[in-house]
Amino acid sequence: MRVKGIGLKRSIFSGQLGPELDGREEVLFGWVMSVRDQGGIKFIIISDKDGIAQITVKKGEVGKRVWERAKRIREHSCIGVRGIVRKTEKAPRGAEIVPKELRVYSVPKKLPPFPLFGSSLPKLDKRLDIRAVDLRRPKAQAIFKIRGSALRAIRDYLNEEGFLEVNTPKIIASATEGGAALFPLLYYDKEAFLTQSPQLYKEQLVMAFERVFEIAPAFRAEPSKTLSHLSEFLSVDVECAFVDMNGAMEILEGLIGYVVHRVREECKEQFKLLGFEPEVPSGMKRITYDEAVELARRHGVDVDWGEDLSSMALDAIASELKGYYFITGWPEAIKPFYIKPRKDGRSESFDLMYGDLEIASGGERIASKRELMRRIRDKGLNPKSFEYHLKVFDYGMPPHSGWGLGFDRFMMVLTGQKNVREVTLFPRDQFRLTP
RNA sequence: GCCCUGGUAGUAUAGUCCGGUCUAGUAUGCGGGCCUGUCACGCCUGUGACCCGGGUUCAAAUCCCGGCCAGGGCGCCA
């Protein structure tokens with residue numbers, strides 16, 4: 001059967017359905033989540049952007065056409081329904097739709113290799129192959145509704161704190177920090193790269209705007225094969241003039257607290273569905289790098305002072321420090337050139353951790369051009385390739401600090417997911433470039 | 001990039017150590033039938049699988065080698 005056009009006009013979303021609409025005629029669209037066929041009565045559960053609604057098709061109560069059409073409907077069909085709302089405690093939302101007209105827009109050719117409800121999910125890799133369909137799962141929907149809510153909360157908080165949202169180029173001429181591998185690309189007749197961080201741009205922008213933030217993708221060509229690494233990830237970057245390392249940490253701590261509060265408020269249903277409640281941070285602990293090294297050693301993990309903390313070391317530390325905490329004062333040798341060093345070989349830097357997961361990293365930046373040039377040379381980089389950056393330091397660069405938050409990792413913490421790919425719509429890693 | 005583990009119906013798994021009784025078990029899905037208040041509906045019934053290639057053996061889902069794919073750990077990295 002071919003349907004010409006949509007033929008119906010939506011009057012409500014499922015979220016508006018309720019007993020108070022009893023007796024009214026309404027039009028709903030959605031995807032069929034389940035059909036419970038009991039012979040003379042069929043219960044069709046459809047899902048739209050708000051959630052689910054029940055359509056009750058009772059033989060004798062509905063017209064012949066509707067009855068015949070209802071027989072063709074199965075899971076994942078895309079349908080529209082015009083019918084009378086009937087108040088009943090036996091239906092979800094306390095009301096159901098008794099259809100007068102049923103339009104079937106699309107019946108699936110095949111069923112996806114996983115159930116919409118139920119516990120036995122196929123492997124993530126299989127689901128990612130048809131991600132858009134996987135995203136119809138209520139639990140997947142919950143995750144991305146929380147994600148949207150968290151992004152809104154971040155923007156609200158930072159705007160409220162006087163930060164200006166900015167956008168910086170993602171195609172760049174040279175590496176920002178050394179270290180991480182970049183994705184090269186052909187830019188007309190020149191070589192260029194995808195940016196690994198907006199670091200240098202946001203530093204330049206504090207000269208003009210004082211407080212800036214950016215929410216944008218960052219790209220790393222590291223062949224990391226873990227549950228918390230992606231080749232493309234969303235980074236929340238903040239940079240603030242006239243603030244030191246502690247000021248930057250306060251902003252970050254304030255933001256995290258606000259976001260957790262907001263998503264818990266806005267996404268009660270979603271968390272219930274996930275069976276998870278994000279931890280409300282209270283007074284984030286701060287330990288120094290030296291203390292972290294000590295702690296790991298006490299657990300029998302070999303750590304050379306000056307080395308980055310291995311996952312074994314972080315495991316040991318996380319076994320004592322639950323939830324959010326800062327590790328401060330990292331050795332300057334393992335931090336990027338723009339981080340302000342101290343006289344003792346350490347630096348004005350911090351990482352925000354959640355258990356053994358690093359979710360943000362920041363510190364005070366070098367504001368003096370001479371010092372910055374020296375550090376670039378010390379790190380074995382060529383000051384010439386940073387000329388475009390260094391020259392603005394001649395014109396009154398304020399002291400400034402900032403941080404970058406790995407938003408996808410933060411989402412893991414907010415939703416209780418173990419694999420970062422679960423909180424990313426279309427994840428990119430070493431082995432996945434589609435969909 | 002290195003190391004470890006795994007690959008059985010559409011999906012999730014049992015069986016593999018110790019080769020034969022596996023005509024490969026179970027759950028769910030799917031097809032057919034019954035069911036007028038379900039909500040992971042229920043009942044009856046049917047359907048469907050040993051990753052690919054080579055080797056050992058009378059005999060391979062099971063042992064060996066190679067490939068491909070997946071999961072995990074390490075490293076790199078945030």
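FYI, side chains are in, hydrogens and waters are out, and symmetry mates aren't considered; it's all heavy atoms of this structure. Residue numbers begin at 1 in each chain, while the letters A, B, ... track the order of the sequences. Keep in mind it's a predicted model, so treat the numbers as computed, not measured.
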J.: Less than 3.5 Å between a donor and an acceptor, one on the side chain of A/E96 and one on the base of B/rG37, is that the case here?
T.: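 Present.
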J.: So which nucleotide from B/rG75, B/rC39, B/rG73 ends up closest to the side chain of A/R36?
T.: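 Of B/rG75, B/rC39, B/rG73, B/rC39 is nearest to the side chain of A/R36.
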J.: Distance criterion of 3.5 Å, no angle test: do you see the side chain of A/E61 paired donor-to-acceptor with the base of B/rU36?
T.: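 Counting by modelled atom types and ignoring angles, no donor-acceptor contact under 3.5 Å is found here.
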J.: Taking the side chain of A/S224 as its heavy atoms from C-beta onward, which of B/rC76, B/rA70, B/rC41 lies nearest to it?
T.: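 Out of B/rC76, B/rA70, B/rC41, the nucleotide with an atom closest to A/S224's side chain is B/rC76.
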J.: Indicate whether the side chain of A/W305 and that of A/D290 have a donor and an acceptor atom separated by less than 3.5 Å.
T.: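 Yes, a side-chain donor-acceptor pair sits under 3.5 Å.
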J.: What nucleotide, of B/rC41, B/rC76, B/rU38, holds the atom closest to the side chain of A/T226?
T.: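 Nearest to the side-chain atoms of A/T226, counting from C-beta on, is B/rC76.
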J.: The side chain of A/K123 is closest to which nucleotide in this list: B/rG37, B/rU13, B/rG31?
T.: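 Ranking B/rG37, B/rU13, B/rG31 by closest atom to the A/K123 side chain puts B/rU13 first.
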J.: Taking any heavy-atom pair under 4.0 Å as a contact, classify A/R86: base, sugar-phosphate, or nothing.
T.: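 Counting heavy atoms under 4.0 Å across all strands, the contact made by A/R86 includes a base.
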J.: Please work out if A/L227 contacts a base, only the sugar-phosphate, or nothing of the nucleic acid, heavy-atom cut-off 4.0 Å.
T.: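 Sugar-phosphate, backbone atoms only, no base.
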J.: NA contact type, A/A218, heavy-atom cut-off 4.0 Å: base, sugar-phosphate, or nothing?
T.: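 Here A/A218 touches no strand at all.
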J.: Base of B/rG1, side chain of A/K225 - is there a donor-acceptor contact under 3.5 Å?
T.: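 No such pair is found, so the answer is no.
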J.: Just name whichever nucleotide pairs with B/rG66, Watson-Crick or G-U, keeping both distances under 3.5 Å, else none.
T.: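 The base-pairing partner of B/rG66, which may sit in any strand shown, is B/rC52.
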J.: Among B/rG37, B/rG72, B/rG75, which nucleotide has an atom closest to any side-chain atom of A/N419?
T.: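 It is B/rG72.
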J.: Taking the six-membered ring for Trp, is the centroid-to-centroid distance between A/F337 and A/F386 below 6.0 Å?
T.: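 Yes, the ring centres sit under 6.0 Å apart.
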J.: Counting distance only, does the side-chain N/O of A/S349 pair as donor-acceptor with the main-chain N or O of A/W330 below 3.5 Å?
T.: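 Present.
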J.: Among the nucleotides B/rC39, B/rC74, B/rG71, which one has an atom lying closest to any side-chain atom of A/S311?
T.: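 The nucleotide sitting nearest to the side chain is B/rC74.
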